[in-house]
Amino acid sequence: MKFNFRFIISVFILLYAIITLVFFNFYKELAIKDTKKEANSMLNNMNAIRTYIEEVQRPMIYNLMKDRETFDNYFNSKILSSTYISQYIYEKQLEKKELKYRYKLVATNPLNPIHKANAFEKQILEKFRNNEIKDYFSILEENGKSYFFIAKPIARNKPNCLMCHGNPQDAPKRLLAQYGNHSGFFEKVGDLRAMIYLKIAIADIISYHKSSFVTGGIAMFIVFILFIILIYIIYNKDKKLEDRKELLFEHQNRLAVMGSMIGNISHQWKQPLSHLSSILINIELLSERGKLTNDKVVSKVNDANTQITFMSNTINDFKNFFSPKDNNNSFRISDIVNQSIRLLQASLDRYSIKVKIDIEYDFTFVGSRNEFVQVFVNIINNAKDAFISNNIENRIISIKSFKHFDKTVISIQNNAGKINSLVFDKIFKPYFSTKDLSVATGIGLYICKVIVQRYKGTIQAKNLENGVIFEITFKS
Ligand SMILES: Nc1ncnc2c1ncn2[C@@H]1O[C@H](COP(=O)(O)OP(=O)(O)OP(=O)(O)O)[C@@H](O)[C@H]1O
Ligand SMILES: [Mg+2]
C-alpha cells in the first residue's frame with residue numbers, strides 16, 4: 001500500500017505528542033515517587049529525633065533537675081521540647097536543601113496555637129489515632145495548585161510527656177508563663193497527640209527535576225527527528241523507484257504506440273504519394289503531347305508542393321511525438337487535441353471514426369506536450385478498439401474542454417459500448433487488459449493516470465448508456 005508522506009508525518013507527530021505526554025507523565029510520577037521516598041525518610045528522621053529526646057535526653061535532664069524549684073525555673077523548650085528541637089534541626093537541614101518542603105507538626109490540643117490542626121489535618125490525625133492508617137499520602141488541590149502531602153503520626157504519649165501535657169498544675173511555671181493554661185493539657189499516656197507532615201507544590205518538584213525532564217525531552221526529540229529523516233529517506237527511495245517504474249512504463253507504452261503508428265505513417269503517406277505520382281504522370285503526358293505550358297508547370301508544381309507539405313507535416317508530428325525531451329513547453333489544449341487527431345488520422349479514416357471537437361475553454365499548460373498527446377492517443381486508441389470489437393455502426397468520438405465551477409475539464413466520450421462492470425474498477429491498473437496480450441500490454445490507461453497526476457489532475461471513467469466518457473479534471 002502507498003501512503004502519502006504528509007499523512008505519515010502527521011501520524012508521527014500525533015504519536016510523538018502522545019508519547020511525549022505519556023513520557024512527561026511518567027517522569028512526573030517518577031519525580032513524585034522520588035520525592036515521596038525522600039519525604040518519608042525525612043519524617044522518619046524527625047520521629048527518630050523526637051524519640052531520642054523523649055527517651056534519652058529528657059529523662060537525663062529531668063534527672064539533673066532534682067527538685068521542683070529547679071524544674072520550674074529552668075524549664076526550657078530548647079532542651080526539653082521534642083517539637084522545638086526537631087523543628088530547629090529540620091530548619092538547619094533545609095538550608096542545604098534545594099527542594100524546600102514545608103514541615104509542620106499539628107495537634108488537636110497544642111500548647112502553641114501555631115500547631116493547631118485544621119479540619120483536614122484533624123481528619124487524618126483521627127485516622128492515625130484509630131490505627132486506621134500508619135502513614136498518609138495524597139496530592140491536594142488548593143487554589144488551583146497541586147500539592148504533594150505526606151503525614152506520619154508522632155510517637156504516642158509516654159509518662160514523661162505528661163510532665164508538660166498532663167495537669168497544668170504539674171507543668172513547669174515557665175511553660176505556663178509562655179503558653180498559658182488553656183490548651184495542651186490533660187493528655188493521657190498512650191494517646192496520640194500530634195502528627196508531622198511535609199507539604200510541597202508539585203510545580204516545585206517538577207522544576208527541581210527540570211534538568212531530567214529537559215534531557216529526556218531533547219533525547220526524545222532527537223530520536224523523533226532521526227525517525228522522520230529515516231522515513232523520508234525510505235519514502236524518497238521508494239518514490240524514486242516508483243518514478244523509475246512509471247517512466248519505464250511510459251516508454252513501453254510509447255514504443256507500443258510507435259509500433260502501431262508506423263502503419264499509420266505509411267497509410268497517411270499513401271494518398272499524397274499516389275497523388276504525387278499522378279501529378280508526375282500528368283506532366284509526362286502533357287509534355288508528350290507538347291501541351292506543357294508554363295502555367296501548367298507552375299500549377300502542377302504547386303499541387304505537388306501541397307502534397308509534400310502535408311507529408312512533411314505528418315512526419316513532423318510523428319517526429320515530435322517520439323522525441324523524448326520536450327519539458328517546460330507551454331501549449332494549448334486545442335493544439336494537443338489537434339495533434340493527436342492528426343497522428344491518428346489514418347486509422348480514424350480507415351475505421352470510419354468521426355471525431356467531434358468542442359473546445360469551449362482553451363487553456364494553457366506548461367510541461368511536456370508529448371505526454372499529453374500520449375494521453376489522448378491512448379484513450380482514442382481504446383475507443384477505436386472498442387468500436388471494432390463491438391461492431392459499432394455509427395462511430396463517434398467527442399472531445400470537449402470546458403470550465404466547471406473552479407475546475408477545468410477535458411472529456412473524451414465515445415459510443416462504443418460500456419466497459420464491463422466486472423473490470424471497471426481495474427482499467428487504470430498497470431498490466432490490466434481484456435485484449436489479446438499479443439497486441440495489448442494493459443498499461444495505456446495506467447500511463448494516462450500517471451501523466452495526469454503529474455499535472456495534479458485526476459482522470460476517471462464513467463459508463464454512459466451506449467459508451468464511455470473519460471473525464472480529466474484540473475483544479476484551476
Ligand atoms: N473506451 C473503452 N471502452 C471499453 N473498454 C475500455 C475502453 N477503454 C479501456 N477499456 C478497458 O480497459 C482495459 C485497459 O485499458 P488500457 O488502455 O489500460 O489497456 P489496453 O488497451 O488493454 O492495452 P494497451 O493500451 O496497453 O495496449 C482495456 O483492456 C479495456 O478492457
Ligand atoms: Mg489501451
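Just so you know, ligand 1 is whichever comes first in the structure, and atom 1 is the first atom listed for that ligand.
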Discussion item. Ignoring hydrogens and geometry beyond distance, is a side-chain donor-acceptor pair present between N253 and N378 at under 3.5 Å?
Written reply: yes
Discussion item. If only side-chain N and O atoms count, and only distance matters, is there a donor-acceptor pair under 3.5 Å linking D295 with T293?
Written reply: no
Can you list the atoms of ligand 1 that are under 4.0 Å from a heavy atom of [X]?
| X | result |
| --- | --- |
| T441 | 23 (O), 24 (P), 26 (O), 27 (O) |
| A440 | 22 (O), 23 (O), 27 (O) |
| N414 | 1 (N) |

Practice prompt. Taking the six-membered ring of Y197 (Phe, Tyr or Trp), confirm whether the NZ or CZ of K104 is under 6.0 Å from its centre and within 45° of its axis.
Written response: no
Discussion item. Quick check with a 6.0 Å cut-off and a 45 degree axis cone: is K36 positioned over the face of F137's six-membered ring?
Written reply: yes
[Y] ring center within less than 6.0 Å of [X] ring center:
| X | Y | result |
| --- | --- | --- |
| F363 | Y361 | yes |
| Y16 | F12 | no |
| Y351 | F387 | no |
| F428 | Y446 | no |

Response to the item:
Min over I380, I427, N381 of heavy-atom distance to atom 13 (C) of ligand 1 lands on I427
Worksheet item: ligand 1 versus N420, non-hydrogen atoms closer than 4.0 Å: side chain, backbone, both, neither?
Response: neither
Worksheet item: What part of A386, side chain from CB on, backbone N/CA/C/O, both or neither, has a heavy atom under 4.0 Å from ligand 1?
Response: side chain
May I ask whether [X] places a heavy atom under 4.0 Å from ligand 1?
| X | result |
| --- | --- |
| G442 | yes |
| V423 | no |
| V468 | yes |

List the closest protein heavy-atom neighbour of [atom]: residue, atom name, distance to the nearest 0.1 Å.
| atom | result |
| --- | --- |
| atom 31 (O) of ligand 1 | T434 OG1, 2.4 Å |
| atom 17 (O) of ligand 1 | N382 ND2, 2.8 Å |
| atom 22 (O) of ligand 1 | S433 OG, 2.5 Å |
| atom 6 (C) of ligand 1 | I419 CG1, 3.8 Å |
| atom 16 (P) of ligand 1 | L445 N, 3.6 Å |
| atom 14 (C) of ligand 1 | F432 O, 3.4 Å |
| atom 20 (P) of ligand 1 | K435 NZ, 3.7 Å |

Item to complete: For the pair K418 and N390, evaluate side-chain hydrogen bond (donor to acceptor under 3.5 Å, both in side chains) and give the outcome as yes or no after the intermediate values.
Response: CA-CA 10 Å; K418 294 183 185 184; N390 294 339; over 6 Å; no
Worksheet, complete the sentence: Separation between CG (L15) and OG1 (T20), nearest 0.5 Å, reads 9.5 Å
Worksheet item: Atom CG of D335 and atom CZ of R342: how far apart are they, to the nearest 0.5 Å?
Response: 8.0 Å
Discussion item. Below 30° counts as parallel, above 60° as perpendicular, anything between as tilted: where do the rings of F120 and Y136 land?
Written reply: perpendicular
Discussion item. For F365 and Y455, take the angle between the two ring planes, folded into 0 to 90°, and tell me which bin it lands in: parallel under 30, tilted 30 to 60, perpendicular over 60.
Written reply: perpendicular
Worksheet item: Under 2.8 Å from the Mg ion (ligand 2), which protein atoms of type N, O or S occur, listed by chain and number?
Response: N382 OD1
